[in-house]
Participant: 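Okay, handing you the structure first.
Everything numeric in this text was worked out from a predicted model, so none of it was measured. Whatever order the structure lists ligands and atoms in, that order sets their numbers, starting from 1.
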Amino acid sequence: MVNFDLVLRNGTCATTSDTFQADIGIKGGRIAAIGESLPGGAREIDATGKLILPGGVDSHCHLAQETVDGVQCADDFESGTRSAAFGGTTTVMPFAMQQPGKTLGETVAAYHALAGPKAIIDYGFHLILRDPNPQVLGQELPTMIEQGITSFKVYMTYDTFKLDDYELLTVLSAARSLGAMMMVHAENDDIIHWLSEKLTVGGHRAPKYHAIAHARIAESEATRRAIDLASLTDTPMLIVHVSDEAATNAIRSAQTAGLKIFGETCPQYLFLTADDLDRDGMEGAKYCCSPPPRDTAGQEAIWRGLKNGTFQVFSSDHAPYRFDQTGKLRYGPNASFTELANGVPGLELRLPLLFSEGVNTGRLTVNEFVALAATNAAKLYGLHPRKGTIAVGADADLAIWDPDKKVTVQYETMIHDNVGFTPYEGRQLTGWPETVLSRGRIVIEDATLCATPGSGVFLDCAKPDSAIPSGRLHPEANPAENGGARLI
Ligand code: DUC
Ligand code: ZN
Ligand code: ZN
């Protein structure tokens with residue numbers, strides 16, 4: 001008897017709390033049943049020996065966006081979502097960046113037009129707010145929230161983006177009353193400016209000076225200040241792309257004090273260091289992102305933060321620029337570090353890197369991996385339980401992983417973005433998402449893309465406050481190591 005459109009047989013399923021052997025029956029794009037010996041499906045996939053995990057939710061990436069540097073991203077919604085899908089991700093949340101002279105409604109309409117015909121997997125949007133004037137906060141933002149865009153990013157640095165403390169307080173207060181999630185790029189602009197000037201005047205222009213100008217103190221000071229401002233207004237807030245120990249500790253101690261402060265980190269802070277910016281010639285430009293990669297002690301602090309729950313979200317911050325005059329080297333082959341486009345690609349390798357170096361080394365359980373890869377972001381941004389979990393009624397967004405597959409990263413033969421290089425070239429990984437489903441459709445199978453551009457849909461995000469992790473104590477927390485409570 002055929003009951004389902006598709007049945008995944010005998011896989012080992014994992015959620016944030018459980019790991020269990022089951023069949024998954026899929027009907028109408030959703031998970032219709034989870035059980036033993038389910039009836040037949042029109043199609044069946046034998047997942048014996050494989051892991052079935054929720055498709056990844058990458059809640060921080062830049063697609064078809066002109067970025068803070070005025071450079072156009074190398075990836076549009078087609079190449080970006082294709083690359084994400086090959087890496088086991090089934091939901092992306094890129095940014096709709098407020099354009100001077102345009103309303104938020106006009107801004108978002110432009111991104112819908114870019115995404116709709118091209119996206120291969122489902123997507124939601126965050127806004128980037130650069131001019132939070134009363135009209136924007138009082139009229140336009142509430143309308144965006146009604147339209148399913150319930151989170152936004154603000155910057156504490158970059159000339160035409162940075163908000164001062166007064167503006168941050170004003171925006172926090174609006175986020176609080178609207179129930180929106182504010183994401184903050186926390187770096188102290190004056191410190192970066194001052195150091196950049198001293199370095200440049202001294203003739204220090206090479207990419208490696210980017211990591212010196214974007215000092216750790218610039219990040220930790222801004223992180224602490226943002227937390228203090230959020231505490232003053234009693235507003236939940238997420239610090240994006242945390243790179244180092246001091247900022248991690250600031251978030252941790254805010255959480256221990258009971259504040260609803262959330263943290264995000266990214267692969268570049270686990271797998272790259274500032275030494276990568278000191279590679280021969282201009283090669284270092286490929287590794288230039290903000291905040292910059294730090295050192296091995298910083299990497300260990302980030303791993304600890306992933307393990308002990310300081311970070312809820314592990315995103316790529318995929319900021320795609322080619323290593324040529326259209327991207328990284330837009331000011332020519334001898335550009336100063338201040339002129340390099342900021343950002344590294346990571347949509348495709350985000351999860352394979354974390355799985356290989358987290359789960360397969362024993363640093364993370366597979367359940368912690370699922371939380372960081374998918375579930376927490378879905379909760380924080382109002383997409384759960386439709387996305388980010390394996391449950392009856394949820395969208396059948398699933399990745400079937402071969403946990404033992406060995407892969408050597410090689411951009412030319414295996415990466416599907418439009419960047420032209422990967423910072424992780426040559427890295428040996430164990431574990432790979434072989435088959436990827438989005439709403440029950442097979443998107444990736446046998447290393448082949450099976451879905452067409454335009455088949456992804458826009459996701460209407462609920463207000464995040466109902467789903468924000470509550471900060472309850474986690475039974476596995478080790479107080480000695482963790483300094484107290486664990487969120488989620
Ligand atoms: N911030 C981001 O989130 N991405 C790329 C560069 C930056 O400064
Ligand atoms: Zn940023
Ligand atoms: Zn970013």
Participant: Which N, O or S atom name in H185 marks its closest approach to the Zn ion (ligand 2)?
Facilitator: ND1
Participant: Please check: side-chain N/O of S336 versus main-chain N/O of T338, any donor-acceptor pairing under 3.5 Å?
Facilitator: yes
Participant: Taking the six-membered ring for Trp, are Y209 and F337 parallel (under 30°), tilted (30 to 60°) or perpendicular (over 60°)?
Facilitator: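 Because their plane-to-plane angle lies in the 30° to 60° range, the rings of Y209 and F337 count as tilted.
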Participant: Looking at H318, H185, H62, which one forms a ring-ring contact (aromatic ring centres under 6.0 Å, His included) with H241?
Facilitator: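 The passing option is H185.
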Participant: Check ring-ring contact (aromatic ring centres under 6.0 Å, His included) between F125 and all other residues, then give those that pass, not counting sequence neighbours.
Facilitator: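 Expected list: H112, Y123, F458.
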Participant: Taking both backbone and side chain into account, is any N, O or S atom of H241 nearer than 2.8 Å to the Zn ion (ligand 3)?
Facilitator: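 Given the 2.8 Å cut-off, H241 does not count as a ligand of the Zn ion (ligand 3).
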Participant: Closest to the Zn ion (ligand 3), which N/O/S atom of H62 is it?
Facilitator: NE2
Participant: Tell me which N, O or S atom from D317 is the closest to the Zn ion (ligand 3).
Facilitator: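 When I compare the N, O and S atoms of D317, OD1 is nearest to the Zn ion (ligand 3).
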Participant: Using a 4.5 Å cut-off on heavy atoms from C-beta on, say whether the side chain of V154 contacts that of R130.
Facilitator: no
Participant: Using a 4.0 Å cut-off on heavy atoms, what residues surround ligand 1? Order them by chain and number.
Facilitator: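 The answer is H60, H62, K153, Y158, H185, H241, S290, D317, A319, N342, counting any residue whose heavy atom sits under 4.0 Å from ligand 1.
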Participant: Any side-chain heavy atom of L354 within less than 4.5 Å of one from L270?
Facilitator: yes
Participant: Any donor-acceptor pair under 3.5 Å linking the side chain of S356 with the backbone of L353?
Facilitator: no
Participant: When you measure from the Zn ion (ligand 2) to the N, O or S atoms of K153, does any of those distances fall below 2.8 Å?
Facilitator: yes
Participant: Mind checking whether W432 and F86 have ring centres under 6.0 Å apart?
Facilitator: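 No: the rings miss the under 6.0 Å criterion.
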